[in-house]
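Report on the structure given below.
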Amino acid sequence: MKVRITLVLAALALTAMAPASAFSPEEIRKILLHGPWPPPLRADPGNRVSGRPAAIELGERLFFEPRLSGTGSVLCASCHVPFRGFQDARPRAFGLEQAERNTPSLLNVRFNRRFGWDGARDSLWAQSIRPLLEPREMRATPAHVAAVVRKNYSSEYAAVFGRFPASDEEILVDVGKALAAFQESLVTGRTPFDDFRDALERGDDAAAAGYPLAAQRGLRIFVGKGNCSGCHSGPQFTSGGVADSGVRFRVPGLRNVARTAPYMHDGSLPTLRDVVGFHSELNEQEVVEVVTFLESLTAE
Ligand code: HEC
Ligand code: HEC
């Protein structure tokens, strides 16, 4: 009995002391692919006001404008709540009625290539028009949105888009473009993982040692045995593609994922432990380590 305990303690001490350099060159190569962060910010070629300060400002006001909804009561921020990582902490969204899907976070949305859980849309501004017209979400019409802009935002609109009067359809598209310009500004800062990754790249063992060992073990599983990186790849932790898991869903990015429970397209999994357990054949301790790693993807 005593011998056994001593052995267990010795094993624990060994794992606790394992240095960062314990990662193999192949593991390090895979880890480096998850950075650097932040990636270069490029303007959206499909949005002529992308990156313009006046458009970002107008988009921010529209994001918090309940009058855009048909009933005057729902705003983008009703579901994409800023202090909740721009989601709503509900399994499924609720606007004017219960919707079918979980509200995704809008943090780092500018890096997505496809939008919506099914990845059906390929432009941020087109995706931003959808909730305005969706009856269960904001239930507006193009004529309603255009009237709100003409009445309350005419000078800002003219200054950003250089046209007034404009048709209802032109205004609707431009509202989508201003909203997109604002959402492009929602880029989160660096995380403990990013500092570790950059330390590995520099070969700086002292700096790398600041990253908790449980997170390091979770990371090793993430890029190795768990094969999570196969789908959750790159600096955003998504291939940007759509994966087939019975039904086809876009692979979600994992930055700040610890802030955006519940999970999956239908919000069916309440915790990260549930997701990682559901996704893989890992044992309980490995699941905990992967969760610790996922938590280290949270920006301060
Ligand atoms: C009723 C809640 C609700 C409201 C209000 C709402 N959204 Fe959403 N949003 C959702 C849901 C649910 C999805 C996922 C839709 C899907 O999968 O098709 C989503 C998806 C998105 C996406 C795609 C994100 C991604 O990662 O693919 C963007 C961008 C977005 N919304 C922007 C907005 C903007 C801009 C507004 C206001 C004009 C808005 N939303 C209003 C619930 C809402
Ligand atoms: C075959 C591709 C694939 C692999 C491999 C994979 N995932 Fe996923 N992951 C997905 C898809 C697709 C979803 C969204 C599924 C849905 O909405 O129903 C998802 C969802 C998630 C979510 C929930 C994100 C959210 O915002 O709701 C987390 C967390 C996650 N995966 C972590 C992992 C981890 C950890 C591993 C490795 C153990 C892993 N994934 C392996 C494709 C994959």
Side-chain angles (χ1 to χ4, degrees), residues 59 62-66 68-69 74-81 85-88 90 92-121 123-134 136-140 145 175-176 178-180 182-183 186 218 221-223 225-233 237-239 241-254 256-269 271-282 286-287 290-291 293-294 297:
L62 296 172
F63 193 85
F64 294 96
E65 175 55 89
L68 285 177
S69 67
V74 184
L75 43 153
C76 305
S78 303
C79 299
H80 300 286
V81 186
F86 287 84
Q87 51 94 51
D88 55 10
R90 294 168 174 276
R92 293 184 295 145
F94 192 92
L96 288 167
E97 290 168 46
Q98 178 74 60
E100 275 159 39
R101 291 191 179 158
N102 175 255
T103 304
S105 164
L106 298 181
L107 296 174
N108 303 312
V109 72
R110 71 175 297 149
F111 302 114
N112 287 0
R113 282 194 282 120
R114 311 207 58 87
F115 301 89
W117 281 102
D118 50 12
R121 286 181 182 74
S123 113
L124 182 55
W125 68 261
Q127 175 70 40
S128 300
I129 292 174
R130 184 203 64 86
L132 292 166
L133 305 181
E134 162 63 45
R136 287 170 300 186
E137 297 186 14
M138 296 174 76
R139 203 180 294 163
V145 170
V175 163
L179 285 167
F182 165 62
Q183 294 167 86
L186 306 177
I221 297 166
F222 191 89
V223 299
K225 179 177 177 186
N227 191 33
C228 315
S229 285
C231 293
H232 297 282
S233 57
F237 294 87
T238 168
S239 60
V242 169
D244 206 328
S245 43
V247 200
R248 290 169 60 79
F249 289 111
R250 184 206 44 199
V251 178
L254 299 179
N256 308 295
V257 73
R259 293 179 62 191
T260 62
Y263 301 103
M264 314 306 260
H265 68 281
D266 54 1
S268 56
L269 297 177
T271 69
L272 280 178
R273 255 181 117 122
D274 297 319
V275 183
V276 180
F278 172 87
H279 243 35
S280 61
E281 317 234 301
L282 303 173
E286 291 167 329
V287 168
V290 172
V291 169
F293 162 65
L294 292 174
L297 300 178

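Whatever order the structure lists ligands and atoms in, that order sets their numbers, starting from 1.
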With atoms numbered from 1 as shown, which atoms in ligand 1 lie under 4.0 angstrom from a non-hydrogen atom of [X]?
X: Val74; result: 5 (C)
X: Leu124; result: 29 (C)
X: Gly95; result: 1 (C)
X: Trp117; result: 14 (C), 16 (C), 17 (O)
X: Phe94; result: 1 (C)
X: Leu106; result: 22 (C), 24 (C), 28 (C), 29 (C), 30 (C)
X: Leu132; result: 38 (C)

Determine, using heavy atoms of [X] and all atoms of ligand 1, whether some pair is separated by less than 4.0 Å.
X: Glu134; value: no
X: Leu75; value: yes
X: Arg250; value: yes
X: Asn102; value: yes
X: Ser78; value: no

Quiz item: Which single N/O/S atom of His232 lies at minimum distance from atom 8 (Fe) of ligand 2?
Solution: NE2
Quiz item: Any N/O of Thr260 closer than 3.5 Å to an N/O of ligand 2?
Solution: no
Residue and atom name of the nearest protein heavy atom (relative to [atom]), distance in Å to one decimal:
atom: atom 41 (C) of ligand 1; result: Pro131 CB, 3.4 Å
atom: atom 23 (C) of ligand 1; result: Gln127 CG, 3.5 Å
atom: atom 12 (C) of ligand 1; result: Arg101 O, 3.4 Å
atom: atom 32 (C) of ligand 1; result: Gln183 OE1, 3.4 Å
atom: atom 15 (C) of ligand 1; result: Arg130 NH2, 3.8 Å

Ignoring hydrogens, what is the shortest heavy-atom contact between [X] and [Y]? Give both atom names and the distance.
X: Ser123; Y: Ala126; result: OG-N, 2.9 Å
X: Ala93; Y: Gln98; result: O-NE2, 3.2 Å
X: Arg273; Y: Val287; result: O-CG1, 3.9 Å
X: Asn102; Y: Trp117; result: O-NE1, 2.8 Å
X: Val74; Y: Met138; result: O-CE, 3.3 Å
X: Arg92; Y: Glu100; result: CD-O, 2.9 Å

Output the distance between atom [atom1] ([X]) and atom [atom2] ([Y]), rounded to the nearest 0.5 Å.
X: Gln183; Y: Ser128; atom1: CD; atom2: OG; value: 4.0 Å
X: Leu254; Y: Thr260; atom1: CG; atom2: OG1; value: 9.0 Å
X: Ser69; Y: Leu96; atom1: OG; atom2: CG; value: 6.5 Å

Any side-chain heavy atom of [X] sitting closer than 4.5 Å to one from [Y]?
X: Asn112; Y: Gln127; answer: no
X: Phe115; Y: Arg130; answer: no
X: Tyr263; Y: Val257; answer: yes
X: Asn108; Y: Asn256; answer: yes
X: Phe111; Y: Thr238; answer: no
X: Cys76; Y: Leu179; answer: yes

Exercise. Report yes if some N/O of Gly116 lies less than 3.5 Å from some N/O of ligand 1; otherwise report no.
Key: yes
Quiz item: Is the distance from atom 8 (Fe) of ligand 1 to some N, O or S atom of His80 under 2.8 Å?
Solution: yes
Quiz item: Would Leu186 and Val109 count as a side chain to side chain contact (heavy atoms under 4.5 Å, CB included) if you check the C-alpha gap in whole Å, the side-chain angles of each, and the deciding distance to 0.1 Å?
Solution: CA-CA 7 Å; Leu186 306 177; Val109 72; 5.6 Å; no
Counting from 1, what ligand 2 atoms have a heavy atom of [X] closer than 4.0 Å?
X: Gly226; result: 37 (C), 38 (C)
X: Leu272; result: 29 (C)
X: Val290; result: 35 (C)
X: His265; result: 16 (C), 17 (O), 18 (O)

Exercise. Classify the ring geometry between His80 and Phe63 as parallel (under 30°), tilted (30 to 60°) or perpendicular (over 60°).
Key: tilted
Practice problem: Please work out whether the ring planes of Phe222 and His232 are parallel, tilted or perpendicular, with thresholds of 30° and 60°. | Solution: tilted
Exercise. Answer side chain, backbone, both or neither: which part of Asn227 comes under 4.0 Å from ligand 2, heavy atoms only.
Key: backbone
Quiz item: Heavy-atom contact under 4.0 Å between Pro252 and ligand 2?
Solution: yes
Quiz item: Is it true that some N/O/S atom of Cys231, main chain or side chain, lies under 2.8 Å from atom 8 (Fe) of ligand 2?
Solution: no
Quiz item: At a non-hydrogen distance cut-off of under 4.0 Å, which region of Met138 contacts ligand 1 (side chain, backbone, both, or neither)?
Solution: side chain
Practice problem: I would like to know whether Thr103 and Arg90 meet side chain to side chain contact (heavy atoms under 4.5 Å, CB included); could you show each step before the answer? | Solution: CA-CA 8 Å; Thr103 304; Arg90 294 168 174 276; over 6 Å; no
Look at [atom] and find which of [options] reaches it with the closest heavy atom.
atom: atom 1 (C) of ligand 1; options: Ser128, Cys79, Ala93; result: Cys79
atom: atom 38 (C) of ligand 1; options: Ser105, Cys76, Ser69; result: Cys76
atom: atom 19 (C) of ligand 1; options: Gly267, Pro66, Pro104; result: Pro104
atom: atom 28 (C) of ligand 2; options: Ile221, Val275, Leu297; result: Val275

